[in-house]
Amino acid sequence: MLGAVRRQGLAQALRACAPRSISARATPQVLRWQRPSAAAFPFASRSIYSSPYLRHAASGSGAAAQAQVEESLEETQDRITEFEDLAARQLVSPKIINNITKGMNIKTMTEVQSLTINETLKGDDVLAQAKTGTGKTIAFLIPVMQNILKDRSLERRNHGRSTPTDIRAIVISPTRELAEQIAVEARKLVANTGVVIQTAVGGTQKREGLRRIQYQGCHVLIGTPGRLNDILSDPSSGVKAPKLSAFVLDEADRLLDDGFAPAIEEIQTLLPDPMKVDRQTLMFSATVPREVMRMVRRTMKPNFKFVKTVPDDEVPTHMSVPQKAVYINGLENGLPAVLEIAKNYMEKQKQDTNLRPFKAIVYFNSTAQVSVAYESFTELRNDPNDPRSGHPLGRTRLYEIHSRLTQKRRTQCADFFRKSTSAILFSSDVTARGMDFPDVTHVIQVGVPRDRETYIHRLGRTARANKTGEGWILLHEGEESAYREKIGDLPIKEDTSVSSAGVNMSRENQQLPETAAETLSQIGAAMKLIPYKTKSDSYRAQLGTLPSVISSRRHMIKILNDLARFGYGLREPPVISPVLARKMNLDRVPGVNIGHEDPEDDGDARAVSRFGRDSRSGRSDFGDRRFGRDGFTRRPSRSDRAPWEGRGRINNDFANDRRMR
DNA sequence: AAAAAAT
């Protein structure tokens with residue numbers, strides 16, 4: 001019953017967004033997959049109206065809830081589900097099908113593929129709402145390629161070679177890696193057909209890319225908004241798409257977010273008038289917010305199809321994957337907790353060979369935090385005093401990826417991680433959407449993500465292709481309210497198995513469980529080996545991300561200073577420029593270190609090298625500012641060793657302070 | 001000072 005109301009709500013939403021003048025006949029059809037037997041899942045259909053637009057439309061449609069929904073069951077019944085059949089019915093070139101069934105060894109379509117391919121092959125415009133990791137790339141590539149192959153003029157022109165004005169399809173993706181990933185897939189699909197695939201993404205040599213297009217030609221151009229716009233708007237590039245027959249937006253919701261829309265609109269003005277040169281527009285989107293609907297209405301034919309491939313009764317990933325929340329005592333407990341989660345799993349995996357090798361993505365909200373994590377994990381040693389003692393995670397490979405790396409490094413890391421059996425990828429949200437890394441067993445999110453969608457997309461990197469996986473999120477109690485607000489309704493269970501998470505790292509001489517003590521000292525030692533700038537950048541970066549999560553400035557500075565001191569091992573908080581301090585209303589907050597530059601001598605607590613020699617001496621020209629209830633209460637003295645090493649001395653007033661925030 | 005993305 002509830003399901004029926006929901007269905008009607010959806011149809012309503014779609015009608016509401018179609019222009020009024022459009023006749024009933026032109027109302028977009030809603031196609032929906034029905035699970036044969038409705039299994040009773042506790043969380044069924046919760047995610048279906050996760051988009052604000054549809055949720056709103058659905059809830060406001062009470063009076064009209066009687067309306068019938070168009071549901072084409074006939075089409076559901078004789079829908080093609082085997083790739084072979086597409087060739088047998090002469091819908092798709094046997095070459096393409098052969099590449100799929102033999103080359104890629106895929107026989108049966110996923111639900112997304114089956115539902116969308118059956119529609120797109122008819123030539124209609126399609127908006128598909130699809131869960132990630134369900135083969136949607138192939139789903140939109142097949143009709144695009146088929147359209148290109150069936151144009152016989154391709155073969156005659158230019159002695160069978162392509163030219164830079166031959167572009168038949170443009171595919172836009174929100175990240176460079178995703179564009180490359182789509183191109184790789186596309187090339188497999190059209191192997192030995194003569195169709196030329198090219199990419200246009202930032203961070204690469206524009207001239208080199210252009211030369212490749214000029215020399216090899218291009219039928220399908222896959223890229224990111226900026227570079228695509230750059231190339232198409234540059235008349236001297238000679239790259240044009242006068243015969244464009246397909247236009248695809250992957251991750252449309254993301255693409256229509258702030259920032260991308262202007263570039264995409266500009267690209268559209270550079271394409272031929274769709275009224276004169278007929279083209280098929282396809283959009284894939286995990287959610288269907290207002291912006292996506294607006295773009296659909298502006299660019300798609302009035303009879304576009306809406307294909308919803310999240311079945312009513314299928315449990316979406318973020319409802320079925322086991323998810324755990326770990327409360328950390330301070331932000332400084334974050335990396336120890338990550339390390340311990342890894343160790344615990346690897347220990348279990350030794351006992352139980354059925355468990356897959358540990359392969360994790362660890363997400364942070366800023367690039368600088370990613371670097372701190374990656375660099376410190378690289379420096380880990382079993383025995384911090386002996387560089388030869390081996391890494392606590394054994395042969396687990398470590399990678400980092402974010403926008404501040406060169407494109408070459410990014411691509412390399414993505415490739416390496418994809419191929420690794422046991423690895424950790426420290427990542428910003430570059431990889432949050434669409435990226436397909438096989439066999440990821442863990443997604444660990446450090447801190448509350450910027451929004452609900454981000455959480456769900458990150459989590460979607462695991463449990464792909466019918467595999468299992470688990471999600472973890474590490475939370476400071478100061479983040480609790482933001483956490484509950486954003487994702488409090490998801491099935492995330494509190495987990496208390498991570499012993500180093502709850503340790504108060506400001507206290508010395510504590511009796512700690514062995515695993516916690518070991519983990520904390522390993523991280524603490526590794527942290528001393530990484531550059532000061534990496535840490536101070538991370539501190540400042542979090543001044544940018546935390547205010548949306550923690551409302552009190554005082555509290556924020558307090559926990560950041562704890563991180564600087566007990567996590568990063570710094571003697572004093574990194575400087576904040578006077579301008580920034582004023583802008584953020586921090587000038588009167590205790591513990592804020594207002595200054596101009598990072599100290600020349602590093603400001604590190606005590607850069608103890610692996611060989612045990614002190615390599616830096618202290619400096620204290622920060623005056624009285626340091627002497628407040630700010631986490632840096634004590635004048636730096638002989639020992640700045642981390643308290644859990646048992647020899648440090650810290651101010652107990654301050655330690656008590658931690659309890660009464 | 002806070003993902004991403006054109007130079």
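Letters go in sequence order (proteins before strands), and every chain restarts at 1.
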Provide, to the nearest angstrom, the distance between the [atom1] atom belonging to [X] and the [atom2] atom belonging to [N].
{"X": "A:Arg553", "N": "B:dA1", "atom1": "CZ", "atom2": "C1'", "result": "11 Å"}
{"X": "A:Gln542", "N": "B:dA1", "atom1": "CD", "atom2": "C1'", "result": "11 Å"}
{"X": "A:Leu228", "N": "B:dA5", "atom1": "CG", "atom2": "P", "result": "13 Å"}
{"X": "A:Arg227", "N": "B:dA5", "atom1": "CZ", "atom2": "P", "result": "12 Å"}
{"X": "A:Met435", "N": "B:dA3", "atom1": "CE", "atom2": "P", "result": "18 Å"}
{"X": "A:Met556", "N": "B:dA1", "atom1": "CE", "atom2": "P", "result": "13 Å"}
{"X": "A:Asp234", "N": "B:dT7", "atom1": "CG", "atom2": "P", "result": "13 Å"}
{"X": "A:Glu453", "N": "B:dA4", "atom1": "CD", "atom2": "C1'", "result": "16 Å"}

Of the candidate nucleotides [options], which contains the atom at the shortest distance from the side chain of [X]?
{"X": "A:Asp429", "options": "B:dA3, B:dA5, B:dA1", "result": "B:dA3"}
{"X": "A:His402", "options": "B:dA2, B:dA1, B:dA4", "result": "B:dA4"}
{"X": "A:Arg450", "options": "B:dA6, B:dA4, B:dA3", "result": "B:dA3"}
{"X": "A:Ser366", "options": "B:dA6, B:dA3, B:dA4", "result": "B:dA3"}

Show the atom names and distances, to 0.1 Å, of all donor-acceptor pairs under 3.5 Å that link a side chain in residues 263-271 of chain A to residues at least two apart or in another chain.
from	atom 1	to	atom 2	distance (Å)
A:Glu265	OE2	A:Arg298	NH2	3.2
A:Thr269	OG1	A:Glu266	O	2.5

Which residues share a side-chain contact (heavy atoms from CB on, under 4.5 Å) with A:Asp273, sequence neighbours left out: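 Checked A:Asp273 against side-chain contact (heavy atoms from CB on, under 4.5 Å); matches are A:Met275, A:Lys276.
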Checking all strands, does [X] fall into the base, sugar-phosphate, or nothing category for heavy-atom contacts under 4.0 angstrom?
{"X": "A:Thr367", "result": "sugar-phosphate"}
{"X": "A:Arg176", "result": "sugar-phosphate"}
{"X": "A:Arg458", "result": "nothing"}

Under 3.5 Å side-chain donor-acceptor pair for A:Arg168 and A:His219: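 No pair is found: no donor N or O on one side chain lies under 3.5 Å from an acceptor on the other.
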Residues A:Ser427 and A:Tyr399: side-chain donor-acceptor under 3.5 angstrom: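 The answer is no; no qualifying pair exists.
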Distance test, side-chain N/O of A:Thr224 to OP1/OP2 of B:dA6, below 4.0 Å: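 Answer yes for this pair, as a side-chain N or O of A:Thr224 is under 4.0 Å from OP1 or OP2.
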Distance test, side-chain N/O of A:Arg410 to OP1/OP2 of B:dA5, below 4.0 Å: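 Looking at the OP1 and OP2 atoms of B:dA5, one of them is under 4.0 Å from a side-chain N or O of A:Arg410.
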Distance-only donor-acceptor test, A:Arg254 side-chain atoms vs B:dA3 base atoms, 3.5 Å: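 For A:Arg254, whose side chain was compared with the base of B:dA3, there is a donor-acceptor pair (under 3.5 Å).
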Quiz item: cation-pi between A:Lys419 and A:Phe437, 6.0 Å / 45°: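 Ring-cation test returns no.
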